[in-house]
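Have a look at the structure below before the remarks.
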Amino acid sequence: MRHNVNNTSNIVAIVPAAGFGCRMNNQIPKQYLKIGSMTVIEHTLNKLLSHPKITQVIVVINREDVIFKTLEIALHDKIKVTIGGETRAESVLAGLHLLNDNQWALVHDAARPCVCHDDITQLIDIVLNTQKGGILATRVSDTIKRSFKNNDNIIECSEDRNYLWAAVTPQLFKANELKSCLQQALDNHMTITDEASAIEYCGGHPLLVECRRDNIKITRSEDLALATFYLTT
């Protein structure tokens, strides 16, 4: 049975922003670096807040964060703020505690300001139609090499890229399922790098929804320059 994709009142975005990325060589957390007149996180939040199918945005910040509350966007009536943990998984779980079990959690990186509405809509429509969690992702186009475990600068083999995808965000799952899987993974001290990996740990197989390649994550200084180009041209 197909479900009505217009019934989107239960979609809440969670934006984990409690990290202090160390690869930017900058004392300011990457989400607070400027692109034009706004910070990275403001660009990201504006994309989510302006999407018609997202009813609320939960921003998960570090306990010692004194910057977010100074931003004008922090006063937006669709934004709630909560305190995160030491890891991404703990921060997402903190956001999930503010959701009801029957809501859908759309988790998106604070440092992905270039996501487009069409890709968000496509993800929401496919997930709600199938009632199966899914993520945005891009097909791998580079040749991928696997190194030896005991010597990571020597090639062991090449991977078949026909079946390889690069996971991005948003990632959309039923709140109760994601909450349960994240908690199980954390209880068992598993390394969880995205929400899909928690679902996979519990035996699930999320959907892959292909998206645009300009949905980049700002991790290094050159990424900021590229995001600036995408957002200002």
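- Distance alone, capped at 3.5 Å, is enough to place a donor-acceptor pair between the Asn188 side chain and the Gln184 backbone.
- Using a cut-off of 4.0 Å between Lys/Arg side-chain N and Asp/Glu carboxylate O, Lys53 and Asp125 are scored as salt-bridged.
- Here the shortest heavy-atom pairing between Leu99 and Lys179 reads O-NZ, 3.9 Å.
- Checked for salt-bridge contact, Arg88 and Asp109 meet the test: a charged N lies under 4.0 Å from a carboxylate O.
- Here the CD atom belonging to Gln103 is positioned 10.0 Å from the CD1 atom belonging to Ile11, to the nearest 0.5 angstrom.
- Using a distance-only test at 3.5 Å, with no hydrogens or angles considered, a donor-acceptor pair links the side chain of Gln171 to the main chain of Ala196.
- Under the rule for a side chain to side chain contact (heavy atoms under 4.5 Å, CB included), the partners of Val127 that lie at least two apart in sequence or sit in another chain are Trp104, Leu123, Leu172.
- Hydrophobic clustering, with ILVMFWY side chains joined whenever heavy atoms are under 4.5 angstrom apart, keeps Ile120 apart from Tyr230.
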Report the C-alpha distance between Ile73 and Ile41 in whole Å, list the side-chain angles of each, state the deciding distance to 0.1 Å, and finish with yes or no for side chain to side chain contact (heavy atoms under 4.5 Å, CB included). CA-CA 10 Å; Ile73 203 167; Ile41 195 171; 5.9 Å; no
Which is it for Leu231 and Cys114 under the side chain to side chain contact (heavy atoms under 4.5 Å, CB included) test, yes or no, and what are the steps along the way? CA-CA 7 Å; Leu231 291 171; Cys114 301; 4.0 Å; yes
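- Counting only heavy atoms from C-beta outward, the side chains of Trp165 and Val140 never approach each other to under 4.5 Å.
- Note: the hydrophobic cluster containing Leu226 does not contain Val115 (ILVMFWY, side chain heavy atoms under 4.5 Å, direct or indirect links).
- Here CD1 of Ile79 is found 11.0 Å from CD1 of Ile58. Values are rounded to the nearest 0.5 Å.
- Of all heavy-atom pairs spanning Ala13 and Leu48, the tightest one is CB-CD1, 4.1 Å.
- For the pair Val60 and Val92, the minimum side-chain heavy-atom distance is 4.5 Å or more.
- Side-chain heavy atoms closer than 4.5 Å link hydrophobic residues (I, L, V, M, F, W, Y) into clusters, and following such links, possibly through other members, connects Ile83 to Leu45.
- Using modelled atom types and a 3.5 Å distance limit, the side chains of Asn162 and Asp160 yield a donor-acceptor pair.
- Looking at Asp223, its side chain does come within 3.5 Å of a backbone N or O of Arg220 through a donor-acceptor pair.
- Residue Lys47 comes nearest to Ser50 through the heavy atom pair O-OG, 3.3 Å, listed as atom of the first residue, atom of the second, then distance.
- Judged purely by atom type and a 3.5 angstrom limit, Ser91 uses its side chain to pair as donor or acceptor with the backbone of Gly85.
- Judged by distance alone, the side chain of Thr44 and the main-chain N or O of Val40 form a donor-acceptor pair under 3.5 Å.
- A side-chain donor from one of Ser197 and Asp194 sits under 3.5 Å from a side-chain acceptor of the other.
- In this structure, CG in Leu182 is found 6.5 Å from CG in Leu96, a value given to the nearest 0.5 Å.
- Atoms CD1 and CD, from Ile14 and Gln56 in turn, are 9.5 Å apart once rounded to the nearest 0.5 Å.
- Counting heavy atoms of neighbouring residues, nucleotides and ligands inside a 6.0 Å radius, atom CZ of Arg146 does not exceed 12 of them.
- The shortest side-chain heavy-atom distance between Asn153 and Ser147 does not fall under the 4.5 Å cut-off.
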Passes side chain to side chain contact (heavy atoms under 4.5 Å, CB included), Phe68 versus Val59? Steps please. CA-CA 9 Å; Phe68 186 75; Val59 183; 4.0 Å; yes
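- Counting heavy-atom neighbours within 6.0 Å of Ile155 CD1, excluding the residue itself, gives a total of 12 or less.
- Here the closest heavy-atom approach between residue Cys116 and residue Arg212 is recorded as SG-CD, 3.6 Å.
- Using a 4.0 Å cut-off between a side-chain N of Lys or Arg and a carboxylate O of Asp or Glu, Asp101 and Lys174 do not qualify as a salt bridge.
- Between Ile216 and Pro113, the shortest heavy-atom contact is O-CD, 4.3 Å.
- In the displayed structure, Lys80 atom NZ is contacted under 6.0 Å by at most 12 heavy atoms of other residues, nucleotides or ligands.
- Judged purely by atom type and a 3.5 angstrom limit, Arg112 has no side-chain atom pairing as donor or acceptor with the backbone of Pro170.
- Contacts classified as ring-ring contact (aromatic ring centres under 6.0 Å, His included) and involving residues 29-64 (residues at least two apart or in different chains) are given here: His51-His117.
- Between Phe173 and Pro206 the shortest side-chain heavy-atom distance falls below 4.5 Å.
- Annotation: side chain of Thr87 is not in contact with side chain of Ile192 (no heavy-atom distance under 4.5 Å).
- In this structure the side chain of Arg139 never reaches within 4.5 angstrom of the side chain of Arg161, judged on heavy atoms.
- Note on Glu159 versus Lys145: no salt bridge recorded, every NZ/NE/NH1/NH2 to OD/OE distance being 4.0 Å or above.
- In this structure a side-chain-to-backbone donor-acceptor pair under 3.5 Å is missing from Glu42 to Met38.
- Rounding to the nearest 0.5 angstrom, the gap separating the CG atom in Asn100 from the CG atom in Asn10 is 8.0 Å.
- At a threshold of 4.5 Å between non-hydrogen side-chain atoms, the residues Ser158 and Ile144 do not count as touching.
- Donor-acceptor pairing under 3.5 Å is recorded for the side chains of Asp187 and Gln183.
- Contact record, Lys34 with Thr39: CD-N, 3.8 Å, taken as the closest heavy-atom pair.
- Using a 4.5 Å cut-off between side-chain heavy atoms of Ile, Leu, Val, Met, Phe, Trp and Tyr, with links allowed through other members, Leu136 and Leu164 fall into different hydrophobic clusters.
- Counting only distance, with no hydrogens or angles, the side chain of Thr70 and the backbone of Ile67 share a donor-acceptor pair below 3.5 Å.
- A donor-acceptor pair under 3.5 Å links the side-chain atoms of Asn62 to the main chain of Glu64, judged by distance alone.
- At least one donor-acceptor pair under 3.5 Å links the side chain of Lys78 to the backbone N or O of Ile54.
- Proximity of Thr55 to Val12: side-chain heavy atoms (C-beta onward) are separated by under 4.5 Å at one or more points.
- Distance check: Leu208 CG to Thr138 OG1 gives 10.0 Å after rounding to the nearest 0.5 Å.
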Ile218 vs Ile35, side chain to side chain contact (heavy atoms under 4.5 Å, CB included): CA-CA, chis, key distance, verdict: CA-CA 11 Å; Ile218 297 173; Ile35 295 179; 4.1 Å; yes
